[in-house]
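Below is one structure, written out as structure tokens; comments come after it.
On a predicted model such as this, the values are computed, not experimentally measured, just so you know.
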Amino acid sequence: MLTSLTVIFSILSVISAIMCALSSKIIRTTFFFGVTLFLISFVFITIGSTMLGIIQILLYTGGTLILFLFAVILTADWDYNELSQTFSSPIKALIISFVFFLVSSYVLTKSKTMQELSERFSWEFVPSSESISTSLFTDWYPLLEIASILLLGTIIGCLVLLKLRKGE
Amino acid sequence: MFWILIFSALLISSLGLFMLLSKKHILSILIGIELILNGINLIFIVVAKTQSSFLADIMIMFILVITACEVAIGLAIFILNQRLNKTIDIGELDSLRD
């Protein structure tokens, strides 16, 4: 049951990402991006990382998507009408991304380490939120502090940027 | 299952790379970067499952923080560019220096 759900969610997330890349209107791109994020968090939940999936839905999908929607609303009159107008050099980008996919797939499938890892993939291990939180606040607290300083710096940076006027 | 998830993650990252390289709209480019990072997160968590480790969960939380910061700064630059230069095109972004 969980296996088939994971496969369905991962395939749907790829389809949603394709729709995201091929939408002409930015509001549709943002919508499909949100759907992709939701589906990826469902994949996280079905493979056992429940806490991470919920964090992704609450903070990332919620926070980031709202930021994107605000930007779309603030610039509602500025958008492209046709798909061809949204691209600058699509053929070059398509070739580069296709080569990236082929090379990374080839390297990963031929890698002995990855083949060994694939045999050890298990559904049994489900990390508890208690163990993750304990590790976060004991082993990783310097990184947690750095993250909070980074967020503070971002808030100040955004405020400074948005107060800029022409000629300043 | 392992390979299905890895290939899905690679496809999502490739689509993100395609958006990053081909789109003109700054928001689409930011969404492309987000898709790349989401694909990487998925690979991270799948590989961690083989090691029975929750280290990937913690690392992904920090990646989410960095992504949120990047999106906030990116959107601030996008709105600034739209307000000052009256454009949403990435090609006009260098005129913000003036």
Side-chain angles (χ1 to χ4, degrees), chain A residues 3 6-7 10 13-14 17-18 20-21 26 29 33 40 43-44 47 49 51-52 55 59-60 63-64 67-68 71-72 74-75 78 80 86-90 93-94 96-97 100-101 104-105 108 117-118 120-122 125 127 131-132 135-136 140 143 147 150-151 154 157-158 161-162 164 166, chain B residues 1-8 10-25 27-28 30-32 34-35 38 41-42 45-47 49-52 54 56-58 60-62 64-69 71-73 75-80 82 84 86-88 90-91:
Chain A
T3 315
T6 311
V7 173
S10 56
S13 65
V14 172
I18 293 170
C20 183
I26 191 65
T29 309
F33 172 60
I40 289 174
V43 172
F44 285 162
I47 63 172
S49 294
M51 187 182 172
L52 187 66
I55 286 176
L59 296 182
Y60 194 47
T64 313
L67 269 181
F68 272 109
V72 171
L74 284 170
T75 58
W78 301 79
Y80 301 106
T86 65
F87 293 118
S88 57
S89 50
L94 193 67
I96 292 171
S97 50
F100 167 77
F101 176 70
S104 48
S105 307
L108 288 179
L117 288 177
S118 69
R120 276 191 274 163
F121 183 77
S122 72
F125 179 70
S131 57
I132 293 173
S135 175
L136 201 60
W140 296 97
L143 213 53
L150 194 67
L151 281 170
T154 306
C158 289
L161 273 174
L162 291 173
L164 281 178
K166 196 100 183 168
Chain B
M1 175 51 62
F2 178 84
W3 290 111
I4 291 173
L5 290 173
I6 292 284
F7 282 121
S8 304
L10 283 177
L11 266 172
I12 291 170
S13 290
S14 305
L15 284 163
L17 185 66
F18 170 71
M19 283 183 80
L20 176 67
L21 295 174
S22 68
K23 291 280 185 170
K24 283 198 282 189
H25 200 300
L27 280 183
S28 299
L30 280 173
I31 288 174
E34 298 295 309
L35 285 181
N38 268 285
N41 285 351
L42 199 52
I45 201 88
V46 172
V47 171
K49 279 278 154 196
T50 63
Q51 305 285 325
S52 300
F54 58 77
D57 294 59
I58 293 170
I60 290 172
M61 282 179 206
F62 289 116
L64 294 186
V65 169
I66 292 166
T67 317
C69 295
V71 166
I73 293 285
L75 291 179
I77 293 172
F78 166 67
I79 290 171
L80 185 73
Q82 193 268 335
L84 297 184
K86 307 287 178 211
T87 177
I88 49 171
I90 188 81

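- Contact count versus chain A (heavy atoms, under 4.5 Å) is highest, among B:Leu64, B:Asn41, B:Ile79, for B:Leu64.
- Every residue was checked against the ring-ring contact (aromatic ring centres under 6.0 Å, His included) condition with A:Phe44, not counting sequence neighbours, and none meets it.
- With chain B as the partner, the residue from A:Gly157, A:Ser135, A:Ser49, A:Pro90 showing the most heavy-atom pairs under 4.5 Å is A:Ser49.
- In this structure the side chain of A:Leu108 reaches within 4.5 angstrom of the side chain of B:Leu10, judged on heavy atoms.
- Per-residue heavy-atom pair counts under 4.5 Å with chain A were compared for B:Asn38, B:Val65, B:Ile4, and the maximum is reached by B:Asn38.
- In terms of non-hydrogen atom pairs under 4.5 Å with chain A, the most contact-rich of B:Val46, B:Ile45, B:Ile31 is B:Ile31.
- Within the 4.5 angstrom heavy-atom criterion, atoms from both the backbone and the side chain of A:Ile18 approach chain B.
- Contact of A:Val43 with chain B is made through the side chain alone, with heavy-atom distances under 4.5 Å.
- Side-chain atoms of B:Glu34 and B:Met19, non-hydrogen and from C-beta on, never get closer than 4.5 Å to each other.
- Interface check for chain A: of the options B:Ile66, B:Leu35, B:Val47, the most heavy-atom pairs under 4.5 Å are formed by B:Leu35.
- With sequence neighbours excluded, no residue forms a ring-ring contact (aromatic ring centres under 6.0 Å, His included) with A:Phe101.
- If you measure heavy-atom distances from B:Phe62 to chain A, the contacts under 4.5 Å come from the side chain alone.
- Of the possible polar contacts, none joining the B:Lys23 side chain to the B:Leu30 backbone as a donor-acceptor pair under 3.5 Å is found.
- Aromatic ring orientation, A:Phe68 versus A:Phe33: perpendicular (interplanar angle above 60°, classes split at 30° and 60°).
- Neither the backbone nor the side chain of B:Leu20 comes within contact range of chain A, judged by heavy atoms closer than 4.5 Å.
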